[in-house]
Amino acid sequence: NMAAPSAPRPPRPRKEPQPLVIPRSAAEEQRLRLERLMRNPEKTVPIPEKLNEWAPRPPPEFVRDVMGSSAGAGSGEFHVYRHLRRREYQRQDFMDAMAEKQRLDEEFQKKLERNKMIAEEQTAKRRRKRQKLKEKKLQAKKNKLEQRKQEK
């Protein structure tokens, strides 16, 4: 495997050394990052995926650490109980939070619909008003023409 290569590989291009710049402000840090990105525009930029929201572990289907029928609670039982209780409270809090989020989402959608309806009504009202004005103008024009014909 360590045989000599048949053709010598060309040397890798050296990167030019970059001067060390310590950003003094957030704006300067942003500017430096942009400059670094734009040095090689062909290079792909990694865009991070949206992280999934945290969800509690589902409760176990089969509980293994059941206390025996002849035993009282041992010294370690309290800690087991405490962990189970904490996990259950977390699960309930999560379910409550999800329900609240869903309720707020639905309220928001209803509000959007309501605003859309109001806007549509206003638009229709104004359209009717414009049509009325247009018709009035046309009628006035016709009347004027009629009067001129009568005078002649």
Side-chain angles (χ1 to χ4, degrees), residues 1 5-67 77-152:
N1 212 13
S6 55
R9 205 191 291 157
R12 276 176 45 193
R14 287 262 172 248
K15 286 184 182 175
E16 66 269 3
Q18 298 296 325
L20 177 67
V21 181
I22 296 153
R24 289 181 190 82
S25 66
E28 199 173 338
E29 188 178 345
Q30 196 73 3
R31 184 178 56 77
L32 288 170
R33 281 186 182 169
L34 264 174
E35 281 174 8
R36 200 177 84 209
L37 271 177
M38 293 315 288
R39 246 178 251 143
N40 187 0
E42 279 79 48
K43 189 176 173 187
T44 58
V45 180
I47 298 169
E49 295 289 314
K50 185 176 174 270
L51 290 171
N52 293 342
E53 284 185 14
W54 176 87
R57 275 200 305 203
E61 270 128 50
F62 183 75
V63 181
R64 281 190 177 78
D65 48 5
V66 180
M67 216 187 313
E77 286 308 306
F78 171 68
H79 301 290
V80 173
Y81 163 73
R82 193 185 60 181
H83 288 306
L84 286 171
R85 185 184 62 179
R86 203 198 84 228
R87 196 171 294 145
E88 179 60 18
Y89 283 160
Q90 249 185 348
R91 192 178 72 86
Q92 286 176 356
D93 287 345
F94 175 76
M95 283 171 18
D96 290 346
M98 290 309 285
E100 179 68 12
K101 187 176 178 229
Q102 197 172 356
R103 187 184 66 78
L104 289 173
D105 280 350
E106 283 170 8
E107 268 182 30
F108 179 68
Q109 288 301 328
K110 281 181 188 168
K111 192 175 177 183
L112 280 183
E113 284 294 316
R114 205 165 38 245
N115 287 353
K116 200 174 176 183
M117 287 288 293
I118 291 169
E120 287 286 328
E121 284 170 17
Q122 285 281 18
T123 308
K125 195 175 173 184
R126 289 184 180 136
R127 187 184 297 120
R128 283 195 299 272
K129 200 172 180 181
R130 280 196 307 271
Q131 286 297 118
K132 253 187 204 172
L133 277 172
K134 214 174 187 181
E135 284 169 16
K136 260 188 181 174
K137 277 184 181 176
L138 279 171
Q139 195 60 42
K141 209 172 186 181
K142 277 184 185 174
N143 290 345
K144 205 171 185 182
L145 282 172
E146 287 293 320
Q147 275 184 347
R148 280 197 182 153
K149 277 185 183 176
Q150 299 273 319
E151 287 169 9
K152 285 181 182 177

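All figures in this text were calculated on a predicted structure; none of them were measured in a lab.
- When all heavy atoms are compared, the tightest approach of Val21 to Glu28 is CG1-OE2, 4.3 Å.
- The 12-atom threshold is exceeded at CZ of Arg31, counting heavy atoms of other residues, nucleotides or ligands nearer than 6.0 Å.
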Requested in this report: For Lys142 and Glu146, run salt bridge (charged side-chain N to carboxylate O under 4.0 Å, His left out): C-alpha distance rounded to whole Å, both residues' side-chain angles, the deciding distance at 0.1 Å, then the answer.
Outcome: CA-CA 6 Å; Lys142 277 184 185 174; Glu146 287 293 320; over 6 Å; no
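- Between Phe94 and Trp54, the shortest heavy-atom distance links the atoms CE1-O, 3.1 Å.
- A distance of 14.5 Å separates NZ of Lys137 from CD of Gln139, quoted to the nearest 0.5 Å.
- Within a 6.0 Å sphere centred on CZ of Arg57, heavy atoms belonging to other residues, nucleotides or ligands number 12 at most.
- A donor atom on one side chain and an acceptor atom on the other are found under 3.5 Å apart for Gln92 and Glu88.
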Report task. Walk me through it: do Lys110 and Glu113 pass the test side-chain contact (heavy atoms from CB on, under 4.5 Å)? Result -> CA-CA 5 Å; Lys110 281 181 188 168; Glu113 284 294 316; 5.6 Å; no
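- In this structure, the side chains of Arg128 and Lys132 stay at 4.5 Å or more apart for every pair of heavy atoms.
- The line from OH of Tyr81 to CZ of Arg86 is 13.5 Å long, rounded to the nearest 0.5 Å.
- Within 6.0 Å of the CG atom in Leu112, the count of heavy atoms belonging to other residues, nucleotides or ligands exceeds 12.
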Query raised in the report: Passes side-chain contact (heavy atoms from CB on, under 4.5 Å), Gln122 versus Arg126? Steps please.
Result: CA-CA 6 Å; Gln122 285 281 18; Arg126 289 184 180 136; 4.1 Å; yes
Report task. Using the side-chain contact (heavy atoms from CB on, under 4.5 Å) rule, take Arg127 and Thr123 through it: C-alpha gap first, then chi angles, then the decisive distance, then the call. Result -> CA-CA 6 Å; Arg127 187 184 297 120; Thr123 308; 3.9 Å; yes
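- Counting only heavy atoms from C-beta outward, the side chains of Arg36 and Arg39 approach each other to under 4.5 Å.
- For CZ of Arg148, the number of neighbouring non-hydrogen atoms (other residues, nucleotides, ligands) closer than 6.0 Å is 12 at most.
- Crowding of Arg82 atom CZ: a count of heavy atoms from other residues, nucleotides or ligands under 6.0 Å exceeding 12.
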Report task. Give the C-alpha distance, both sets of side-chain angles, the deciding distance and a yes or no for salt bridge (charged side-chain N to carboxylate O under 4.0 Å, His left out) between Arg103 and Glu100. Result -> CA-CA 5 Å; Arg103 187 184 66 78; Glu100 179 68 12; 2.7 Å; yes
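- Annotation for Tyr89: atom OH does not count as buried by contact number, only 12 or fewer foreign heavy atoms lying within 6.0 Å.
- Once rounded to the nearest 0.5 Å, the distance linking CZ of Arg91 with CG of Asp96 reads 10.5 Å.
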Requested in this report: Would you please test Asp105 and Lys101 for side-chain contact (heavy atoms from CB on, under 4.5 Å) and show each step?
Outcome: CA-CA 6 Å; Asp105 280 350; Lys101 187 176 178 229; 4.3 Å; yes
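- Here the CG-CG distance, from Leu138 to Asn143, works out to 11.0 Å after rounding to the nearest 0.5 Å.
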